[in-house]
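What follows is a short report on a single structure.
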2 protein chains.
Amino acid sequence: MNVEPLLVYISEYVTLTEDEKTFLKSHLTSRKYLKGQYILQQGDVSKTECFIISGCTKMFFVDDDGQEHIINFSIKNWWTSDLGSFISQTPSNFNVQCLEDTEIIQFHFNTIEMLFEKIPKLERVFRKIIEKALVASQNRIVRNFSMSAKERYLVFKQSYPEIEQRIPQYMVASYLGITKEFLSKIKSQISLEH
Amino acid sequence: MNVEPLLVYISEYVTLTEDEKTFLKSHLTSRKYLKGQYILQQGDVSKTECFIISGCTKMFFVDDDGQEHIINFSIKNWWTSDLGSFISQTPSNFNVQCLEDTEIIQFHFNTIEMLFEKIPKLERVFRKIIEKALVASQNRIVRNFSMSAKERYLVFKQSYPEIEQRIPQYMVASYLGITKEFLSKIKSQISLEH
DNA sequence: ATTAAATGTTAATCTAGTTTAACTTTATTT
DNA sequence: AAATAAAGTTAAACTAGATTAACATTTAAT
């Protein structure tokens with residue numbers, strides 16, 4: 001199990017002893033998915049929090065009209081899961097699907113509270129992760145309220161240049177909350193400006 | 001200091017000993033604000049996390065065009081603060097203003113990590129609070145992406161009936177991300193349906 | 001190399017929500 | 001009780017972005 005990137009990630013927040021690392025490792029599992037496979041499906045309960053070692057995923061939901069809306073993308077050294085479903089162990093409204101072959105490390109619901117008891121520092125790590133996710137989510141609301149689609153696209157481009165290269169444009173449009181046709185128009189507008 | 005509601009709130013997540021309660025209390029402060037006063041102003045660093053004992057607040061930002069956008073309302077037994085500013089101790093983009101005379105209890109940035117060290121259970125409480133806030137924030141994004149303004153208004157009405165009674169309608173519009181004129185139209189439409 | 005599937009583009013028409021502006025109602029102050 | 005300010009309404013003209021549909025390009029499969 002390629003757990004090293006996760007340990008490096010954790011070490012940015014807290015310092016674990018060798019014993020703690022060993023104990024932690026013994027309660028994690030790793031998993032590989034192929035492009036197109038689902039890590040989580042709408043209606044299922046999320047049993048794991050996933051740290052991404054390599055690859056790329058999207059989290060999305062399908063609305064009543066059958067339209068797909070992308071909540072976020074995740075790449076290496078970031079997390080993915082429907083936290084709401086995980087916390088409350090209720091059916092998720094979201095899907096997590098791999099956009100590339102993807103390797104993840106899983107924290108399991110039925111051991112995570114025990115891990116927090118044994119290694120309280122881990123609770124700190126998770127608190128900080130969730131804080132960061134909340135800030136990101138709130139910033140997204142701010143952007144959706146105060147910026148035009150074009151401005152949001154430019155922010156996305158600047159914030160996640162690596163991601164834009166790796167995914168089809170219609171998914172960027174879905175993430176931005178606009179149609180692929182309109183994103184196409186925005187891009188041609190931008191190219192005319194230069 | 002009327003700390004009881006906060007202790008009741010905490011007791012829904014963890015059980016504190018009498019000693020822990022006493023220690024906690026000794027590091028909290030309470031404060032009263034009049035209607036219209038600011039708890040936090042755009043540009044200032046948020047030094048506190050605020051638990052509301054009574055009253056009502058709005059968190060909002062002012063965009064480049066001078067337009068006000070309301071992120072959320074808070075009433076008794078809920079929290080308010082710009083978590084991003086608090087976590088990173090950087091200037092906030094948000095304002096928190098009292099819509100009624102409001103009493104709060106404050107956790108201070110310079111003692112909160114120490115509180116977590118001394119009473120690790122508190123870290124759990126905060127993790128859960130932030131989790132709930134994240135879920136709420138994500139649900140808001142989902143609604144903004146997949147629902148019309150009318151549907152969002154109906155959800156707001158149903159979710160926070162107490163709040164709708166207490167605040168002017170133009171603030172509801174701002175929260176929903178629409179103009180007051182359009183909310184007015186929506187309401188007259190709805191009243192025609194019945 | 002060909003074909004089929006997936007992705008991206010362009011343009012015309014349409015609509016949810018904005019803007020502007022004039023007016024009404026409700027609260028607040030004197 | 002009058003005067004003023006704050007909040008809410010209505011309607012016409014406007015715009016950002018959606019929808020539809022036809023076509024172009026790239027990628028993947030045979």
Side-chain angles (χ1 to χ4, degrees), chain A residues 34-37 56 58 60 62-70 73 97-101 141 143-157 163-194, chain B residues 34-36 56 58 60 62-70 73 97-101 140-141 143-157 163-194:
Chain A
L34 295 175
K35 178 173 175 173
Q37 284 191 302
C56 183
K58 65 172 175 183
F60 67 99
V62 178
D63 70 21
D64 298 340
D65 305 336
Q67 268 233 302
E68 183 176 315
H69 300 273
I70 295 177
F73 302 105
Q97 188 181 20
C98 298
L99 302 177
E100 303 172 359
D101 294 355
I141 292 175
R143 272 180 256 127
N144 286 338
F145 272 158
S146 59
M147 296 169 107
S148 67
K150 183 175 169 184
E151 290 170 315
R152 276 179 279 145
Y153 169 62
L154 291 172
V155 168
F156 170 78
K157 208 176 158 62
I163 294 182
E164 200 194 358
Q165 308 313 314
R166 287 161 76 172
I167 60 177
Q169 189 171 308
Y170 70 89
M171 290 190 191
V172 177
S174 170
Y175 173 83
L176 295 173
I178 59 178
T179 57
K180 61 188 198 321
E181 290 85 357
F182 192 54
L183 178 53
S184 199
K185 199 168 170 182
I186 286 171
K187 288 183 87 167
S188 81
Q189 247 176 52
I190 290 172
S191 70
L192 288 177
E193 288 168 12
H194 303 294
Chain B
L34 295 175
K35 178 174 175 173
C56 182
K58 65 172 175 182
F60 67 99
V62 178
D63 70 20
D64 298 340
D65 304 337
Q67 269 233 302
E68 183 176 316
H69 300 272
I70 295 178
F73 301 105
Q97 189 181 19
C98 298
L99 302 177
E100 303 173 357
D101 293 356
R140 189 124 187 255
I141 292 175
R143 273 180 256 128
N144 286 338
F145 272 158
S146 59
M147 296 169 107
S148 67
K150 183 175 169 185
E151 290 170 314
R152 276 179 279 144
Y153 169 62
L154 292 171
V155 168
F156 170 79
K157 209 176 156 64
I163 294 183
E164 202 194 358
Q165 307 313 314
R166 286 161 76 170
I167 60 177
Q169 189 171 308
Y170 72 88
M171 290 191 191
V172 176
S174 169
Y175 173 84
L176 294 173
I178 59 177
T179 58
K180 60 190 198 319
E181 290 85 357
F182 193 54
L183 178 54
S184 198
K185 199 169 170 181
I186 286 170
K187 288 183 88 168
S188 81
Q189 249 177 52
I190 288 172
S191 72
L192 287 177
E193 288 167 11
H194 303 293

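Chain naming here is simple, since letters A, B, ... match the order of the sequence lines and numbering starts at 1 in each.
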field: Protein proximity profile, nucleotides 16-25 of chain C - base contact B, sugar-phosphate-only contact S, no contact -, cut-off 4.0 Å on heavy atoms
entry: -BBBBB----
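- Under the 4.5 Å side-chain criterion, counting only non-hydrogen atoms from C-beta, A/Lys58 is in contact with A/Phe73.
- Contact annotation: the side chain of B/Tyr175 approaches that of B/Arg140 to within less than 4.5 Å [non-hydrogen atoms, C-beta and beyond].
- Panel note: side chain B/Arg152, backbone B/Leu176; a donor-acceptor pair is recorded below 3.5 Å.
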message: Would B/Phe145 and A/Asn144 count as a side-chain contact (heavy atoms from CB on, under 4.5 Å) here? Give the steps.
response: CA-CA 9 Å; B/Phe145 272 158; A/Asn144 286 338; 3.9 Å; yes
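- At distances below 3.5 Å, at least one donor-acceptor pair connects side-chain atoms of B/Asp63 with backbone N or O atoms of B/Asp65.
- Under 4.0 angstrom from either OP1 or OP2 of C/dA6 there lies no side-chain N or O belonging to A/Gln169.
- Scanning DNA chain D 5' to 3' for nucleotides with an atom closer than 4.0 angstrom to a non-hydrogen atom of chain B gives a first and last hit of D/dA7 to D/dT10.
- For the atom pair B/Met171 CE and B/Leu183 CG, the distance stands at 13.5 Å (nearest 0.5 Å).
- A donor atom on one side chain and an acceptor atom on the other are found under 3.5 Å apart for A/Glu164 and A/Tyr153.
- For residues 166-177 of chain A, the salt bridge (charged side-chain N to carboxylate O under 4.0 Å, His left out) pairs, not counting sequence neighbours, are A/Glu100-A/Arg166.
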